[in-house]
Colleague: 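One structure is given below, represented as structure tokens, and several questions about it will come after.
On a predicted model such as this, the values are computed, not experimentally measured, just so you know. So that the names make sense, note that chain A is the first sequence line, chain B the second, and so on, each numbered from 1.
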2 protein chains.
Amino acid sequence: MELTERKRQILKVVVEDYVRTAEPVGSKTIAARMGGSVSSATIRNELADLVELGYLEQPHTSAGRVPSPKGYRLYVNELMEQQRLSVAETERINASLHLKMEELDHLLSQASRAVSSFVNYPAYVTAAGRKHLTARRFDLLAVDERSCIVVMMMGDNRVKSQLLRLQLKVDLEQMPTLVNLLNTHFTGISVDEMNQELMNVAEQVPPQLFLLLSQTIAYAVDALEEASQREIVTAGASQLLKLPEFRDADKAHELMSFLADRKESLPMPEDGPMKILIGPENVTEVLKDTSVVVASYDIGDEMRGLIGVVGPTRMDYATVAARLSGFADGLTRLFGKQELPPKEEGKE
Amino acid sequence: MELTERKRQILKVVVEDYVRTAEPVGSKTIAARMGGSVSSATIRNELADLVELGYLEQPHTSAGRVPSPKGYRLYVNELMEQQRLSVAETERINASLHLKMEELDHLLSQASRAVSSFVNYPAYVTAAGRKHLTARRFDLLAVDERSCIVVMMMGDNRVKSQLLRLQLKVDLEQMPTLVNLLNTHFTGISVDEMNQELMNVAEQVPPQLFLLLSQTIAYAVDALEEASQREIVTAGASQLLKLPEFRDADKAHELMSFLADRKESLPMPEDGPMKILIGPENVTEVLKDTSVVVASYDIGDEMRGLIGVVGPTRMDYATVAARLSGFADGLTRLFGKQELPPKEEGKE
DNA sequence: TTTAGCACTCTCTTTCCCGGAGTGCTAAAG
DNA sequence: CTTTAGCACTCCGGGAAAGAGAGTGCTAAA
């Protein structure tokens, strides 16, 4: 049996109607929506074929039809019309992205809230470096004889700093030596190598300096690890409760606590600007009857981020995809504008 | 009519049974739970009195009794037995609080997750300074001729820093002058005063330095505002869905989106180590039929934080209160240990 | 003041029934 | 061979009715 053009049209109508109403779609409705050029009986024959082909499902005999995951997939791949964002929408997206760059964490959580409230589904956002973050430059600022400030600039030009309490008094004269040591031996290498290097230089350094050195390295390692760890922020989980498919508290609870506590296993595609995962295409069990739409954006040249949306398989893929890529573009632009300065090995 | 000791005992039984089962409590059950010293008929008489006195309510004739807010209040104030945390629980709490001090934000979100999963209700956490944060010390580190790093130590000894891109080349020789200016004129004053002061010094400074100066101050103002702004982190909202009173998706949705989006209006009592707000005692409309338990903890001497729990009025107040104050103590201790160094006007 | 007894009330669950929507099949028409 | 009208049939959802159960309030006696 073949998938004629008419069958495809029917499938399209079914998907779009079902997405709108969440009710199985009947032959009569379809006939009406096709402009009355064919009768409902004809549609019924076609529907039976579509079920047999696996594109539609029937909740029970004598109910209308509902798209199967396979049906959605065909719809997304071939039938769905690329939707264009209206100017107003684009503006709204950009307006919601006038964020301060200060803290990446805050930015992620703001962005995910914005996305979620714009698509009316739960959303998630991450940012991750393309390669491992290293320290690029160190400084130490003496505060008093018992404390000093470590300043570390990282590979992505973010700067981290903290007050360090010293176990021993340190001769102020020696500070420049130490800074120099830090900048020559501990920049541009991984955290493992930093720990390694710390052992290597142990003997070359007077003991009371070594204490400060290792405190500094410990801080650096922490900060680098934290900064390069992929943090995932979710928002808008409560939106699920508005959907008929999640009126059931148990179902809703399962998904919501997944989004809150086990979000690491949300889809994180490595490639492509956008990915749509429909129902069972998801590997994670909880997501087996939801769909996920993920888009990626660029943070300068070094980093890449993902924004995703989780919803029922009955999702308005066209709109969600359009809005999501609007956001991705917006974010890429935002980060591009505030571009980090060009990289050159800046070892003091 | 008087509130005899026996009535109080009955009230206590009703509260505790209702908290456990979420079902209206009948006279027979109560009689049994009182050790069989009185008959259910006697209890019935007493119950009728308790309803008249306003401590209990009857969902409908011929149903058991349910505590009214007034009843819970009496229970909390006078009937409830102070509950003691078991050693295991205390250990569990402290274990969950082995947090790194790195970022206050992370810490808050970790703490609120821990609290929530420990009491099985949604939780919220904040930290807020007792007074306005000021800058205590500035440094500028030249990176290249077009960029430098601002380092600012704040009143609470946290250090913030960022790379600054300069619009103009700046003479390296002049940097120390600028740093000196920053440290003499811009430390220890509010952000408003900082902006003010910026105007004042405008004429005394060569123009190309002034540009850098104002960029620095702009960063400082941002960072100080962000750091002193009260951030509220919520966690565990999905726990609500396990409770029978929130099986109704609309109700759950209302409260959950409140917790996600309008959490600023959660109770933030100014005083006392712990506060319990029962049902209509809450000013916020959404919380009118929920209860909130809030405890405060200290972050060193300068700051104070709150941890709170939101749940149904049918809440195990004794346990929640005990665990919450366990957490509060744990946090106070945690921050006390990692105490910030003593303050002395450190204007370099 | 307490208690036993009992009729009564109200909710919750189950069952049954009915209307409506939609189907699948058949047979005729294009 | 495809399309269409017609029609019996299926299944869901909602509402009514009935019954069970829990608990009450009242009365009268202890």
Side-chain angles (χ1 to χ4, degrees), chain A residues 1-11 13-15 17-18 20-68 71 244-245 247-248, chain B residues 1-11 13-15 17-18 20-68 71 244-245 247-248:
Chain A
M1 194 183 328
E2 204 149 327
L3 193 63
T4 60
E5 180 53 28
R6 189 168 67 186
K7 284 195 175 58
R8 296 160 66 93
Q9 281 312 307
I10 292 175
L11 177 57
V13 171
V14 172
V15 170
D17 220 66
Y18 183 63
R20 222 168 25 82
T21 64
E23 298 287 327
V25 189
S27 55
K28 225 165 141 184
T29 319
I30 301 171
R33 221 170 272 289
M34 307 258 302
S37 57
V38 283
S39 78
S40 67
T42 312
I43 304 286
R44 276 204 288 285
N45 288 329
E46 297 283 57
L47 286 177
D49 292 351
L50 281 166
V51 169
E52 199 179 332
L53 288 166
Y55 294 107
L56 294 180
E57 281 165 1
Q58 213 168 1
H60 52 87
T61 5
S62 95
R65 303 308 204 285
V66 161
S68 69
E245 29 273 281
R247 308 278 322 170
D248 175 42
Chain B
M1 196 184 325
E2 204 148 327
L3 194 63
T4 61
E5 182 53 30
R6 190 168 67 189
K7 284 194 175 60
R8 296 161 65 91
Q9 282 312 310
I10 292 175
L11 178 57
V13 171
V14 173
V15 170
D17 219 67
Y18 183 63
R20 220 167 28 82
T21 64
E23 298 286 329
V25 190
S27 53
K28 224 163 141 185
T29 321
I30 301 171
R33 220 169 273 289
M34 308 256 303
S37 58
V38 284
S39 77
S40 67
T42 312
I43 303 286
R44 278 204 288 284
N45 289 327
E46 297 283 58
L47 286 177
D49 292 350
L50 282 166
V51 169
E52 201 179 330
L53 288 166
Y55 294 107
L56 294 179
E57 283 165 0
Q58 211 167 4
H60 53 87
T61 5
S62 96
R65 303 307 204 285
V66 162
S68 68
E245 30 273 281
R247 308 281 319 173
D248 175 43

Colleague: If you take any heavy atom closer than 4.0 Å to DNA chain C, which residues from residues 41-53 of chain A end up in contact?
Modeller: R44(A), L47(A)
Colleague: Got a list of side-chain donor-acceptor pairs under 3.5 Å for residues 27-37 of chain A, not counting sequence neighbours?
Modeller:
residue: S27(A); atom: OG; partner: R44(A); partner atom: NH1; Å: 3.3
residue: R33(A); atom: NE; partner: D17(A); partner atom: OD1; Å: 2.6
residue: R33(A); atom: NH2; partner: D17(A); partner atom: OD1; Å: 3.0

Colleague: Sequence neighbours excluded, which residues qualify as side-chain hydrogen bond (donor to acceptor under 3.5 Å, both in side chains) partners of T42(B)?
Modeller: S39(B)
Colleague: Hey, could you give me the CG/OG distance between L11(A) and S68(A), rounded to the nearest 0.5 Å?
Modeller: 8.0 Å
Colleague: Collect all protein-nucleotide pairs involving nucleotides 10-17 of chain C in which both atoms are nitrogen or oxygen and the distance is under 3.5 Å.
Modeller:
residue: dC10(C); atom: O4'; partner: S62(B); partner atom: OG; Å: 3.2

Colleague: Is R65(A) near enough to dA21(C) that one of its side-chain N or O atoms lies under 4.0 angstrom from OP1 or OP2?
Modeller: no
Colleague: Shoot me the first and last contacting nucleotide of DNA chain D against chain A, ordered 5' to 3', at under 4.0 angstrom to non-hydrogen atoms.
Modeller: dT3(D) to dC12(D)
Colleague: Can you tell me how far the CD1 atom of I43(A) sits from the CD atom of Q9(A), to the nearest 0.5 Å?
Modeller: 10.5 Å
Colleague: Search all heavy atoms of V38(B) against all heavy atoms of R6(B) and return the closest pair with its distance.
Modeller: CG1-NH1, 3.6 Å
Colleague: State which residues pass side-chain hydrogen bond (donor to acceptor under 3.5 Å, both in side chains) with E57(B); sequence neighbours excluded, sorted by chain then number.
Modeller: none
Colleague: Holding to side chain to side chain contact (heavy atoms under 4.5 Å, CB included), I want the full list of residues that pass it with E23(A), two or more places apart in sequence or in another chain.
Modeller: T21(A)
Colleague: Counting C-beta onward and ignoring hydrogens, is there a side-chain heavy-atom pair between E46(A) and T4(A) closer than 4.5 Å?
Modeller: yes
Colleague: Go through it in stages, so that I can follow the logic: the residues are R65(A) and L50(A), the test is side-chain contact (heavy atoms from CB on, under 4.5 Å), and I'd like the CA-CA distance, side-chain angles, deciding distance and then a yes or no.
Modeller: CA-CA 10 Å; R65(A) 303 308 204 285; L50(A) 281 166; over 6 Å; no
Colleague: Excluding sequence neighbours, so at least two apart, what forms salt bridge (charged side-chain N to carboxylate O under 4.0 Å, His left out) with R8(A)?
Modeller: E5(A), E78(A)
Colleague: Excluding sequence neighbours, so at least two apart, what forms side chain to side chain contact (heavy atoms under 4.5 Å, CB included) with T61(A)?
Modeller: none
Colleague: Wobble G-U and Watson-Crick pairs count when both distances are under 3.5 Å; given that, what is the 5' to 3' dot-bracket string of DNA chain D, with | for pairing to other strands?
Modeller: ||||||||||||||||||||||||||||||
Colleague: Under the side-chain contact (heavy atoms from CB on, under 4.5 Å) criterion, do Y55(B) and V14(B) qualify, and how do the steps go?
Modeller: CA-CA 10 Å; Y55(B) 294 107; V14(B) 173; over 6 Å; no
Colleague: Closest-nucleotide mapping onto DNA chain C: is R6(B) or K28(A) further toward the 5' terminus? I mean the 5' end.
Modeller: R6(B)
Colleague: Restricting to side chain to side chain contact (heavy atoms under 4.5 Å, CB included), what partner residues turn up for N45(B), sequence neighbours left out?
Modeller: none
